[in-house]
Enquirer: 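I'd like to ask some things about the structure below.
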2 protein chains.
Amino acid sequence: MSLTHAILGLLTITPMTGYELKTQAFDNSIAHFWQADQAQIYRALSAMAEQGWVESRLEIQEDRPNRKVYYITEAGREELHRWLHTEQPLPVHREPFLVQMFFASELDTATILNHIARQREGHAARLAHYESIEISVHDDPEIARKRSFWRLTVEIGVAVERAYLEWLDRCEAVVRELDQLESQPHDQATFPNTSATD
Amino acid sequence: MSLTHAILGLLTITPMTGYELKTQAFDNSIAHFWQADQAQIYRALSAMAEQGWVESRLEIQEDRPNRKVYYITEAGREELHRWLHTEQPLPVHREPFLVQMFFASELDTATILNHIARQREGHAARLAHYESIEISVHDDPEIARKRSFWRLTVEIGVAVERAYLEWLDRCEAVVRELDQLESQPHDQATFPNTSATD
DNA sequence: GTATTATATATGTAAAGTCATATATTAACG
DNA sequence: CGTTAATATATGACTTTACATATATAATAC
């Protein structure tokens, strides 16, 4: 399971609590390629501790709730490396909005344009977020190497979001064009069409 | 649930069996934005029949196993339209390979390059598949309208795959560059760097 | 002749992900 | 002064997805 291995990887950077994994790592650093909810993270940590891949130390705090800081173990590092060497399948893609677009002929123009506008907002926000991530260069070649890979993962996020924004613009244009065609008399479409196959 | 609504939509095109939904619709027409396995489709159809959104008629065949053809009902159409009007969240993205890239500093160059090459093959195959989908124009304006939307869903698939291929090329270049830097003496990286923030 | 592929439906089970809620304390907001 | 947000962990219940397997027949491949 990649969630487990994402956590193992994150704990190689620094020991963390479940809360920090959620708020700092999953919701920020790696949100563009792996999302996990809080319940999942805590349960994964428990399972990983049972496996011996992580260990936790309870840090007592007076003013705030106690922290359970998780550390990766040697067995955890081994498992991470084993997994990093395995070949991973392409991501499965399930996008409800594309289901809607596929059947959008059932909808009126205004509704479709509204859906497109909402998606546009979401993708624009994602793009802005990815573009705001600045991964500075570093003198230490090991740290620099690490950051090169981090930067690459952000770059694909940016590229995909840009592709979506361009495509959504095109969607809008196509929908407006279809709308105009409909308001014209239908018999305008009867000129011969040689490229039609059926 | 979008799977249910994808099926409802597909059944508006033509009545189908679970087998046809799987082999023709999910594995071909809409594979680039919604994947479902056979077990899921059959169980969804059962649930939808109980809901009254679809009805089935058993077609007896002598030479082949009997077919259970599903038809969308009026209630199913209503549910489809209700759902088509709802706003859908952006797709969640979980990509195991990007987890590997994020932690790829733990891997040797050869392994990373191999992973990149495998992903490249997969994305190239997807792109080739999407580009092979030809949605011809049509005289009937209603059919033409439908196909415009189908075409749009293919276009985003093509755009995303192209973005991935470009990015994978860039990944390869970056990895090779890092590899060359490592084989050089480390003290070459000690010249002052004013853009580093930490 | 035997094995595999295609057609066709179905269930058992497990893994993964989502949603709601519980607990407990402090800080900030209006 | 009361409510909300932030910090911090945890569980119950459910939905969704994945994987394996069972059944049955015909056609095709080797």
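Each chain gets a letter, A, B and so on, in the order the sequences are listed, and its residues count up from 1. Just so you know, these numbers come straight off a predicted model, no measurement behind them.
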Enquirer: Under the criterion side-chain hydrogen bond (donor to acceptor under 3.5 Å, both in side chains), I'd like the reasoning laid out for B/H5 against A/Q100: C-alpha separation, chi angles, the key distance, then a yes or no.
Expert: CA-CA 9 Å; B/H5 298 98; A/Q100 288 186 326; over 6 Å; no

Enquirer: With a 3.5 Å cut-off and just heavy-atom distances, do the side chain of A/R43 and the base of D/dG12 make a donor-acceptor pair?
Expert: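 Such a pair exists between side chain and base.
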
Enquirer: Taking the six-membered ring of A/Y19 as reference, does the cationic atom of A/R67 (NZ for Lys, CZ for Arg) lie under 6.0 Å from its centre and within 45° of its axis?
Expert: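 Because its charged atom misses either the 6.0 Å distance or the 45° angle limit, A/R67 does not stack over A/Y19.
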
Enquirer: Between C/dG17, D/dA18, D/dA10, which nucleotide has the shortest distance from any of its atoms to the side chain of A/L3?
Expert: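 Looking only at heavy atoms from C-beta outward on A/L3, the closest nucleotide is C/dG17.
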
Enquirer: With nearest nucleotide decided by heavy atoms, which residue, B/E20 or B/V92, maps closer to the 5′ end of DNA chain C?
Expert: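 Residue closer to the 5' terminus by nearest nucleotide: B/E20.
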
Enquirer: A/R57 CZ to D/dA8 C1': how many Å, rounded?
Expert: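 In whole Å, D/dA8 C1' and A/R57 CZ are 19 Å from each other.
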
Enquirer: Looking at the side chain of B/M1, which of D/dT17, C/dA10, C/dT18 is the nearest nucleotide?
Expert: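 Nearest listed nucleotide: D/dT17.
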
Enquirer: Under 3.5 Å, is there a donor-acceptor pair between the B/S136 and B/R147 side chains?
Expert: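 Yes, a side-chain donor-acceptor pair sits under 3.5 Å.
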
Enquirer: Under 4.0 Å, counting only non-hydrogen atoms across every strand here, what does A/A36 touch: a base, just sugar-phosphate, or nothing?
Expert: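 No contact.
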
Enquirer: Quickly work out the A/K22 NZ to D/dA10 C1' distance and round it to whole Å.
Expert: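 Going from NZ in A/K22 over to C1' in D/dA10 covers 15 Å.
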
Enquirer: Whole angstrom is fine here: how far is it from CD1 in B/I41 over to C1' in C/dT11?
Expert: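 That distance rounds to 16 Å.
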
Enquirer: For the side chain of A/Y19, counting heavy atoms from C-beta on, which of C/dA10, D/dT17, D/dA8 is nearest?
Expert: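 From the listed options, D/dA8 comes nearest.
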
Enquirer: Out of C/dT9, D/dT17, D/dA8, which has the shortest distance to the side chain of B/Q40?
Expert: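 Looking only at side-chain atoms, B/Q40 lies closest to D/dT17.
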
Enquirer: Between D/dA10 and A/Y42, is there an OP1 or OP2 to side-chain N/O distance shorter than 4.0 Å?
Expert: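 So the side-chain polar atoms of A/Y42 never come under 4.0 Å of the phosphate oxygens OP1 or OP2 of D/dA10.
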
Enquirer: Figure out the CD1/P separation between B/I60 and C/dT9, and round it to whole Å.
Expert: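 Going from B/I60 (CD1) to C/dT9 (P), I get 12 Å.
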
Enquirer: Starting at CG of A/D37 and ending at P of D/dA13, how long is that distance when rounded to a whole Å?
Expert: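 It is 17 Å, rounded to the nearest whole Å.
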
Enquirer: Heavy atoms only, 4.0 Å cut-off, all strands: where does B/Q38 land among base, sugar-phosphate and nothing?
Expert: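 Base contact.
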
Enquirer: For the residue pair B/F102 and A/W150, does the interplanar ring angle fall in the parallel (under 30°), tilted (30 to 60°) or perpendicular (over 60°) class?
Expert: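 Rings of B/F102 and A/W150: parallel, as their planes differ by under 30°.
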
Enquirer: Figure out the NE2/P separation between B/H93 and C/dA16, and round it to whole Å.
Expert: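 After rounding, the gap between these two atoms is 18 Å.
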
Enquirer: Should the pair B/Y130 and B/H32 be assigned to parallel (<30°), tilted (30 to 60°) or perpendicular (>60°) ring geometry?
Expert: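 It falls in the tilted class, 30° to 60°.
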
Enquirer: Rounded to the nearest angstrom, tell me the gap between atom CG in A/L21 and atom P in D/dT7.
Expert: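 My rounded result for the distance is 15 Å.
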
Enquirer: Under 4.0 angstrom, heavy atoms only, what part of the nucleic acid is A/Q35 near: base, sugar-phosphate, or nothing?
Expert: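 No contact at all - A/Q35 keeps every heavy atom at 4.0 Å or more from the nucleic acid.
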
Enquirer: Closest to the B/A39 side chain: C/dT9, C/dA20, C/dT11?
Expert: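 Given the options C/dT9, C/dA20, C/dT11, the side chain of B/A39 is closest to C/dT11.
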
Enquirer: NA contact type, B/T23, heavy-atom cut-off 4.0 Å: base, sugar-phosphate, or nothing?
Expert: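 If one applies the 4.0 Å heavy-atom cut-off, B/T23 turns out to touch nothing in the nucleic acid.
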
Enquirer: Atom CG of B/L58 to atom P of C/dA8: distance rounded to whole Å?
Expert: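 Taking CG of B/L58 and P of C/dA8, I get 12 Å after rounding.
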
Enquirer: Determine whether the side chains of B/H115 and A/Q88 contain a donor N or O and an acceptor N or O closer than 3.5 Å.
Expert: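 Per modelled atom types, B/H115 and A/Q88 side chains form no pair under 3.5 Å.
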
Enquirer: Establish whether the base of C/dG17 is bridged to the side chain of B/R94 by a donor-acceptor pair shorter than 3.5 Å.
Expert: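 Counting by modelled atom types and ignoring angles, no donor-acceptor contact under 3.5 Å is found here.
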
